[in-house]
Chemist: 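Sharing a structure below in structure tokens format, with a few things to ask.
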Amino acid sequence: MLVLTVIEGPDKGKRFELPANEPQLLGRSSEALPLGDPSVSRRHAELTPDEGEWWVRDLDSQNGTMVNGRAISGRVRLRTGDTISIGQTTMAFGRSSIVDELDVIELLRPGEVATSVDAVVGRSAEPSPTAPGENGRDAGEEHWAEEHLRVVYQITALAAKSSTRGALLHGLLELVFEEFQPERGVVMLMDEAGRLTPAAVKNRALVKGREDDRIQVSRTILQHAVRKGEAVLSTNAMADPRFASGDSVQSMRIRSAICVPVEHRGRVFGAIYIDTSAGDQTFRNEDLRLMHAVGQQAGIALSNLHLHQERLQTERLAAMGQTVASLSHSIKNILQGLSGGADLVEMGLKREDLAISRQGWGILRRNLDRIAGLTTNMLAFSRQRQVEVEFTPLRPLVEECAQLLEGVCEQRGVVLMVDAEDEMPPVPVDPSLVHQALMNLLTNALEAVPDGGGRITVRLHYDEPDSRGPGTPGEAQVMVIDNGPGIPKDRQASIFEPFQTSKGVRGTGLGLAVTKRVVEDHGGRIVLESHEGKGSTFRIVLPADPDRHVDPSATRGPRR
């Protein structure tokens, strides 16, 4: 049985068995192999079996899919040991009968493996000339510099695309295997207790066809590389007399091994170890120097990744603090309103004055409505709901929203009109989400217009496909127009950001942010047109071609 094992991300440790002849989806929807990573699309990628092989393809997700640290654009065949990265999640592809990927490393004591060192490259070592018999010092140095720059470029490009440590390290091993052609490789990283533990493993071919062979690493060479910061080359394991009796190292025919430190600015992250047992392949000094450069660049990439994650955490904490402060301010204002209304109700009851109690109850009722609106918008903003599309006539939906505000409009002397085109076709939307977005816009407009002379118009317009030029899709436009004071130009750029409000104690700053999210979830856009003293128009544009099938599990926005 083939399995996917989550090795990094919110679902770390979770395992998914892959039935032999059943395609599988990866994502957050109920029909897929479920992942709790919010950066993963509802239907992110698809795994497909084909004549004994498994293939993976991206389903046009926003963040894309990576195999072994490289973004894929088509159908890619999977091999045992490959990693799949989607969002912040990295998974290992393999067979359930194989020992867990990170448990196949065996650290051998000094008496169990050859620890002789043939060559080292230190922290401050300068590139040495090529071996005698090659193209000479100048040609060797030029070739080494070209190789160094090429590898640096590849690792830099890999680091720029990798959002998780797992994706970075597995992509790094893929690069190392392409460059040096080893049989086995492992990246060992320091844990919080200062112990070296495997973080990424790759085995080109199972030794002797067995699935339980372990990658044996010399603890002495590994610690030498980490503690002294030196890249180590050893090529004499077969010649070591300790293995003449035919133990495991002799049977594995290890002829050459390289171990390099992964460090940056004095911080040691761990080491990269590769070896080979190929009879006609032995690592050279040039390979050692190039692998040392790989270790240095890997240290830089890990350092930058850690700094990026720390910055994200700081930004999350800052955003959380701003959110708590804004919500606390809104809740405090609502509580003050509730307290004032309750005092009036209590005063009326004591005096047996029904008019005072009614006045207090009106205040209570308005603040209860504000609590309901705040809670609804908080839930909508914090938790992305799956869009459930159905072809919906927009005019009845708008008229229903207008009827809900009819009583308030009459009390305040505000005129609310619906101007819709005749024979406007249904459009593919989630009616409940669009209803919430329209209520937010209408409530904002109602609070902006003056009593006794306010005017709000909801105008519906439909553009047929090709009406704006050949190949243009059909669109539905919903415009909410008011004659309020307008929005200052310096505030228009941030009007859709959360907790940005000009209503003072009457607003929470979440309504427009929720509306923008709903519109974008439908693949549409929202535009503000406003001039001070001349009112505002919020224009929602939704894809509306009746022949267009909207996939409710597609990811919002273009791929990054």
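All values reported here derive from a predicted model rather than from experimental measurement.
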Chemist: Return yes if some donor-acceptor pair links the side-chain N/O of D191 with the main-chain N/O of T197 below 3.5 Å, else return no.
Modeler: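 Pair absent, no side-chain N/O of D191 close to backbone of T197.
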Chemist: Does some side-chain heavy atom of F269 sit less than 4.5 Å from a side-chain heavy atom of S303?
Modeler: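 Touching, per the 4.5 Å side-chain cut-off.
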Chemist: Looking only at side-chain N and O atoms, does T83 offer a donor or acceptor that is under 3.5 Å from a partner on T90?
Modeler: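 Absent: no donor and acceptor within the cut-off.
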Chemist: Ignoring hydrogens, what is the shortest heavy-atom contact between H44 and S61? Give both atom names and the distance.
Modeler: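 Looking at all heavy atoms of both residues, the closest pair is NE2-OG, 3.0 Å.
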Chemist: Salt bridge check, R227 against E263: does any charged N sit closer than 4.0 Å to a carboxylate O?
Modeler: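 No.
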Chemist: Starting from the C-alpha separation in whole Å, work towards a yes-or-no answer on salt bridge (charged side-chain N to carboxylate O under 4.0 Å, His left out) for E520 and K516.
Modeler: CA-CA 6 Å; E520 290 180 345; K516 184 173 184 288; 2.7 Å; yes
Chemist: Salt-bridged, D37 to K12, with N to O below 4.0 Å?
Modeler: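 Looking at K12 together with D37, the answer is no, because their closest N to O distance does not fall below 4.0 Å.
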Chemist: Would you tell me whether H308 and R311 have side-chain atoms, one donor and one acceptor, within less than 3.5 Å of each other?
Modeler: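 There is such a pair between these side chains.
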Chemist: I need the Q297 CD to L158 CG distance, nearest 0.5 Å.
Modeler: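 One gets 11.5 Å once the value is rounded to the nearest 0.5 Å.
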Chemist: Could you tell me which residues satisfy side-chain hydrogen bond (donor to acceptor under 3.5 Å, both in side chains) with N304, sequence neighbours excluded, listed by chain and number?
Modeler: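 side-chain hydrogen bond (donor to acceptor under 3.5 Å, both in side chains) check on N304 returns nothing, list empty.
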Chemist: Hey, are E174 and K202 close enough for a salt bridge, meaning a charged N less than 4.0 Å from a carboxylate O?
Modeler: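 So E174 pairs with K202 through a salt bridge.
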Chemist: Quick test of your reading of the model: are R75 and E46 salt-bridged, counting only N-O distances below 4.0 Å?
Modeler: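 No, R75 and E46 are not salt-bridged.
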Chemist: Kindly compute the distance separating CG (L33) from CD (Q24), expressed to the nearest 0.5 Å.
Modeler: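 Spacing of CG (L33) from CD (Q24) equals 5.0 Å.
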Chemist: Under the criterion side-chain contact (heavy atoms from CB on, under 4.5 Å), I'd like the reasoning laid out for L26 against L4: C-alpha separation, chi angles, the key distance, then a yes or no.
Modeler: CA-CA 10 Å; L26 287 174; L4 277 180; 3.9 Å; yes
Chemist: Apply the side chain to side chain contact (heavy atoms under 4.5 Å, CB included) test between F283 and each candidate in L288, L233, L290; give the one that qualifies.
Modeler: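 With F283 as partner, L288, L233, L290 yield a single side chain to side chain contact (heavy atoms under 4.5 Å, CB included), made by L233.
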Chemist: Scan for salt bridge (charged side-chain N to carboxylate O under 4.0 Å, His left out) pairs involving residues 76-89, sequence neighbours excluded, and state none if there are none.
Modeler: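 Qualifying pairs: E53-R77.
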Chemist: Can you name the side-chain hydrogen bond (donor to acceptor under 3.5 Å, both in side chains) partners of Q154, sequence neighbours left out?
Modeler: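 Partners of Q154 by the side-chain hydrogen bond (donor to acceptor under 3.5 Å, both in side chains) criterion come out as none, since no residue qualifies.
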Chemist: If you round to the nearest 0.5 Å, how far is CG of L169 from CE of M188?
Modeler: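 With rounding to 0.5 Å, CE (M188) is 12.5 Å from CG (L169).
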Chemist: Would you name the heavy atoms of F180 and D287 that are closest together and state the gap between them?
Modeler: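 Where F180 meets D287 most closely, the heavy atoms are CE2-O, 3.5 Å.
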Chemist: Applying side-chain contact (heavy atoms from CB on, under 4.5 Å) to L302 and R165, what does each step give before you reach the verdict?
Modeler: CA-CA 7 Å; L302 279 175; R165 191 184 71 173; 3.8 Å; yes
